[in-house]
Structure formats: C-alpha cells, structure tokens
Amino acid sequence: MKRRIRVLAGLVFLILFVSGCTTAVMLGVGAGAGIGSYSYIKGELKADYPYPYDQTWKASLAALKRLEVEVADQQRDALGGKITGKRGDGKPVVVKIKDKGLGVTTVGIRVGNFGDREASRKIHQTILKILKG
C-alpha cells in the first residue's frame, strides 16, 4: 500500500514537472526565514513571507529603490496590492503583494514581459534582507 502511494505521488510530481504547470525551486536564502521555497509560474516568482502585509509592502518598496527600479505606480487596499516600475535597462517590473492573514504575506515578482527568474530572485532576496533587518 505504501509503495503504491509513493509511486502515485511520484507520477503526479512528474506530470506537473514535465507539463511546466509548477516548478518549485528550493532556495537557501528563504529556508532560514521560514520561506522554504519559491514557485515559478508563468514568469512570476512567488514566495510566502512570515511577515505582516504592511511590513512586507514597505520592504518591497525599499528593495525596489535599493535595486534602482523606478516605481511608476502603486495600487493597494487592505487585502493586497501591486507595484509597477521599470529597471534601468527598461524591463518592466511587477510586484504583487497579497495579505494571507495571520502575519503571512505572498509576494509575486515578474521582471520583463516573459519573466526573468534570476532578476526576480534577486528582488526577493533584497526584500528578505530588509525584512530581517
């Protein structure tokens, strides 16, 4: 019975991985802060932060400023928000922030029109550094 469950779980993972539906990438930078993993879906790199929404919003703005991303627009309400801007090379940057409640916030970052995983990861790392103080 246990073998069947393992085989089934392996097949499900393989199907998701091959189809490109979701790719979870373990990154050491997040493991110490309780982040654990990032998911990269359709060009957007997402992570859950164990920090309140307001604190994560401020850290995201500070990270964009530190990385010299020119913020063009900010839209925010009590449940979530979106920050849009441009990097120095002209690539658009979109940061979506969602309050999940109980001090957890989801941040999704897309750099460029089709996504740039490494550039998005760098923004996530900078947000985390600011949050950790």
Side-chain angles (χ1 to χ4, degrees):
M1 184 68 172
K2 287 183 181 181
R3 184 169 187 248
R4 283 186 183 184
I5 292 172
R6 285 188 206 152
V7 170
L8 182 60
L11 287 173
V12 170
F13 175 76
L14 182 63
I15 290 168
L16 289 174
F17 182 75
V18 170
S19 71
C21 187
T22 60
T23 303
V25 179
M26 297 301 290
L27 296 175
V29 68
I35 293 175
S37 68
Y38 291 94
S39 65
Y40 189 71
I41 302 170
K42 295 182 181 178
E44 182 179 60
L45 190 64
K46 287 186 179 182
D48 287 339
Y49 288 85
Y51 294 93
Y53 172 60
D54 288 334
Q55 187 177 356
T56 305
W57 180 271
K58 290 174 187 173
S60 298
L61 286 171
L64 293 174
K65 183 176 181 178
R66 185 178 291 179
L67 295 170
E68 299 178 358
V69 174
E70 183 181 329
V71 173
D73 189 37
Q74 300 177 44
Q75 299 172 352
R76 179 180 179 198
D77 62 27
L79 301 176
K82 181 173 153 182
I83 304 167
T84 57
K86 281 196 177 184
R87 294 185 345 166
D89 62 3
K91 284 187 180 180
V93 176
V94 178
V95 179
K96 295 178 184 174
I97 304 169
K98 183 178 178 185
D99 186 0
K100 293 184 82 174
L102 300 173
V104 177
T105 307
T106 299
V107 178
I109 300 172
R110 181 186 195 105
V111 176
N113 293 322
F114 301 105
D116 181 333
R117 187 181 304 202
E118 279 304 307
S120 297
R121 186 181 59 78
K122 184 174 183 179
I123 295 170
H124 271 292
Q125 287 176 330
T126 306
I127 292 169
L128 185 59
K129 284 179 188 175
I130 292 167
L131 286 168
K132 289 173 102 177

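Reckoned from all heavy atoms, side chains included, excluding hydrogens, waters and symmetry mates.
- To the nearest 0.5 Å, the span separating CD1 on Ile97 from NZ on Lys82 amounts to 12.0 Å.
- Nearest heavy atom pair, residue Tyr38 against residue His124, reads CE2-CG, 3.4 Å.
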Run the numbers on Ser60 and Leu64 for side-chain contact (heavy atoms from CB on, under 4.5 Å), then give the verdict. CA-CA 6 Å; Ser60 298; Leu64 293 174; 5.6 Å; no
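- Between Ala119 and Arg87, the closest heavy-atom pair is CB-NH1, 3.3 Å.
- When each of Ile83, Thr84, Asp73 is checked for a side chain to side chain contact (heavy atoms under 4.5 Å, CB included) with Val94, only Thr84 meets the rule.
- Pairing each heavy atom of Arg76 with each of Tyr53, the nearest pair is CG-OH, 3.1 Å.
- There is a path of hydrophobic side-chain contacts, each under 4.5 Å, that joins Leu128 to Leu67.
- Ala78 approaches Asp99 most closely through the heavy-atom pair O-OD2, 4.0 Å.
- Residues Asp116 and Lys91 come closest through the heavy atom pair OD2-NZ, 3.4 Å.
- Here the straight-line distance linking atom CZ of Arg66 with atom NZ of Lys129 works out to 8.0 Å at 0.5 Å rounding.
- The closest side-chain donor-acceptor pair between Thr106 and Asp48 falls under 3.5 angstrom.
- Under the 4.5 Å side-chain heavy-atom criterion for Ile, Leu, Val, Met, Phe, Trp and Tyr, Ile130 and Val71 are members of distinct hydrophobic clusters.
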Verdict with supporting geometry, Lys58 and Tyr51, side-chain contact (heavy atoms from CB on, under 4.5 Å): CA-CA 11 Å; Lys58 290 174 187 173; Tyr51 294 93; over 6 Å; no
Go through it in stages, so that I can follow the logic: the residues are Ile109 and Ile127, the test is side-chain contact (heavy atoms from CB on, under 4.5 Å), and I'd like the CA-CA distance, side-chain angles, deciding distance and then a yes or no. CA-CA 11 Å; Ile109 300 172; Ile127 292 169; 4.0 Å; yes
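- In this structure, the separation between CD1 on Ile41 and CZ on Arg110 is 11.5 Å, given to the nearest 0.5 Å.
- Gln74 CD: more than 12 foreign heavy atoms inside a 6.0 Å radius.
- To the nearest 0.5 Å, atoms OG1 (Thr56) and NZ (Lys100) are separated by 12.5 Å.
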